[in-house]
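The structure appears below as structure tokens.
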Amino acid sequence: MGDYLLVIDAGTTSTRAMLFAPGGACLDTEQRDVVQHYPAPGLVEHDAEEIRDSSLACARAVAARAGGAGRIAAIGITNQRETIVFWSRRTGRALAPAIVWQDRRTADMCGAWKATGHEPLVQGRTGLLLDPYFSASKIAWALEHWPELREAGDDLAVGTVESWLVYCLTGGLHITDATNASRTALMDIGAGRWDHDLLGLFGVPAYALPEIVDCAGAFGETRLFGAPIPISGMAGDQQAAAIGQACLAPGDTKATYGTGAFVLAHTGAQKPISHHRLLSTIAWQLGGRRAYALEGSVFVAGSLIKWLRDDLGLLTSASESEALARSVADNGGVYLVPALAGLGAPHWRPEARAAISGLSFASGRAHIVRAALEAMAYQTHDLMTAFAADGAGWERLKVDGGMVANDWLAQDLADMLDLDVERPHFVETTALGAAMLAGVGCGLFASLEEAAAMRGAVERFEPAMPPDLRQARLGGWAKALRPVLA
Ligand code: ADP
């Protein structure tokens with residue numbers, strides 16, 4: 001057996017395979033884009049067989065360059081969460097399009113369940129809210145509108161993307177890991193099993209669902225790349241990133257700034273209950289024991305910079321935002337509330353729309369760009385306040401994602417949060433977390449703590465802003481936010 005770890009990272013916009021050495025070095029990557037299907041406004045679908053084919057092709061290429069399957073100790077899988085796949089157990093073929101996490105087709109259904117008082121049940125058992133984001137309402141919609149799924153009877157298999165990939169890789173194993181299961185809104189996250197009442201509420205047949213398993217272990221093996229390779233690690237992308245950031249003890253918190261921003265704070269072995277509209281979720285499950293996290297999702301982060309670049313033409317590249325922010329002494333009184341797709345945690349206001357305020361003839365594009373970057377720290381500050389109110393205060397923040405390549409942004413986070421901000425040199429923490437889990441699952445490491453050595457060196461940004469300036473900026477943000485929430 002070799003000692004490389006092969007990770008399949010099936011993301012929303014691309015699928016990748018990456019090869020890791022047990023010391024943490026990333027040795028090779030192969031990537032394919034995922035086609036986004038938008039059949040109507042608010043609808044987002046993927047072709048599950050395309051995800052399968054791309055994942056297998058990437059993994060095959062990386063395995064071949066590594067010297068063959070025999071050089072690989074284990075496979076770890078991480079994936080876009082909540083996206084749901086429907087397939088036939090008999091043929092292994094997809095029976096319908098995959099409904100993607102961003103899809104809003106079930107907004108009315110969720111609204112109706114909310115109006116009939118079902119949110120406390122959902123929140124109490126699953127830690128989630130009644131929102132189209134999560135898988136359960138998507139499954140309910142599909143069973144109602146796609147007769148072929150009903151007609152399939154007990155030939156129907158349903159699962160999130162890691163579950164689908166394991167089925168394809170092993171030729172028939174139907175499992176899901178606890179982190180992915182915890183995002184379906186069908187799991188009792190305290191008990192660690194599918195919840196009978198929720199299956200009834202959403203009309204999901206238990207026979208279609210996978211078995212919930214740990215995040216690391218000897219799940220099965222694939223023979224698709226030559227010699228058999230064990231599949232031994234699985235986690236949803238944000239949980240994998242938290243593991244890759246070594247958020248292993250209560251209080252450890254990470255924030256990923258990609259298209260959106262996702263904050264996860266490890267809260268320990270007790271299921272947390274949020275009173276401030278954060279989500280409770282499973283951080284990982286090992287040996288049948290669960291660790292939990294509180295999660296806050298901000299819908300617009302890097303996509304704001306992309307919008308300034310591609311739609312407003314204020315930037316030629318995302319990285320130009322850093323030089324522009326530095327080119328002015330301050331924001332010149334300009335604030336940008338990035339509610340372009342509504343506001344996520346802690347507000348959960350899908351109907352809210354963005355605003356740029358405080359403009360004058362003295363305002364230039366640098367002020368607007370700076371205001372856009374500053375909005376990341378403000379949104380994170382609002383989350384930090386909600387986490388603290390839920391008893392999950394942050395001691396420091398571990399950051400990753402495409403946006404934190406921006407040093408100005410990383411320093412602004414430290415200044416505005418008044419916290420040390422830690423950025424690892426290797427920022428692909430999602431894939432790294434899946435590699436760590438695979439390493440634990442195949443016995444290369446005795447524990448996640450031991451695997452955490454894979455994370456490597458980090459860079460620190462320390463707060464250096466006078467408190468009155470911080471207060472003034474937070475005051476400006478609160479004033480800008482008010483009309484957006486009104
Ligand atoms: P995802 O994984 O969600 O696709 P990434 O983690 O790759 O996203 O991050 C890409 C996002 O980060 C893009 O939306 C881009 O606008 C933003 N971005 C990339 N580089 C910078 C930068 N130097 N400054 C600010 N934003 C950046």
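In listed order, ligands and their atoms are each counted from 1.
Ring orientation note: the planes of Trp164 and Trp87 are tilted relative to one another, at an angle of 30° to 60°. The aromatic rings of Tyr378 and Trp477 lie parallel to each other, with less than 30° between the two planes, well short of the 60° mark. Taking the six-membered ring where the residue is Trp, His266 and Trp284 present tilted rings, their angle falling between 30° and 60°.
Distances from atom 24 (N) of ligand 1 to the heavy atoms of Asn406, Asp9, Val369 put Asn406 nearest. Distances from atom 15 (C) of ligand 1 to the heavy atoms of Gly302, Ser319, Gly401 show the closest one on Gly302.
In terms of modelled atom types and a separation under 3.5 Å, the side chain of Lys398 and the main chain of Ala246 share a donor-acceptor contact. No side-chain donor-acceptor contact under 3.5 Å links Lys271 to the backbone of Tyr292. In terms of modelled atom types and a separation under 3.5 Å, the side chain of Thr78 and the main chain of Ala431 share no donor-acceptor contact. A distance-only check finds no donor-acceptor pair linking the side chain of Gln379 to the backbone of Val298 [under 3.5 Å].
Not close to ligand 1: Glu322, with no non-hydrogen atom less than 4.0 angstrom away.
Between Gly258 and ligand 1, no pair of N/O atoms sits closer than 3.5 Å.
With a 4.0 Å cut-off on non-hydrogen atoms, Ala301 does not touch ligand 1 at all.
Near Ser321, meaning under 4.0 Å from one of its heavy atoms, ligand 1 places the atoms 24 (N), 25 (C). With ligand atoms numbered from 1 in the order given, ligand 1 contributes 16 (O) to contacts under 4.0 Å with heavy atoms of Lys306. Taking a cut-off of under 4.0 Å to the non-hydrogen atoms of Thr259, the atoms of ligand 1 that pass are 1 (P), 3 (O), 4 (O), 8 (O). Near Ser303, meaning under 4.0 Å from one of its heavy atoms, ligand 1 places the atoms 14 (O).
The protein heavy-atom contact nearest to atom 21 (C) of ligand 1 is Ala318 CB, 3.7 Å. Taking atom 17 (C) of ligand 1 as the reference point, the nearest protein heavy-atom neighbour is Met403 CG, 3.8 Å. Given atom 20 (N) of ligand 1, the protein heavy atom at minimum distance is Gly402 O, 3.5 Å.
A search for side-chain contact (heavy atoms from CB on, under 4.5 Å) contacts involving Ala405 returns nothing, not counting sequence neighbours. Tyr257 meets the ring-ring contact (aromatic ring centres under 6.0 Å, His included) test with no other residue; sequence neighbours excluded.
Put simply, atom 2 (O) of ligand 1 has no protein non-hydrogen atoms near it, under 4.0 Å away.
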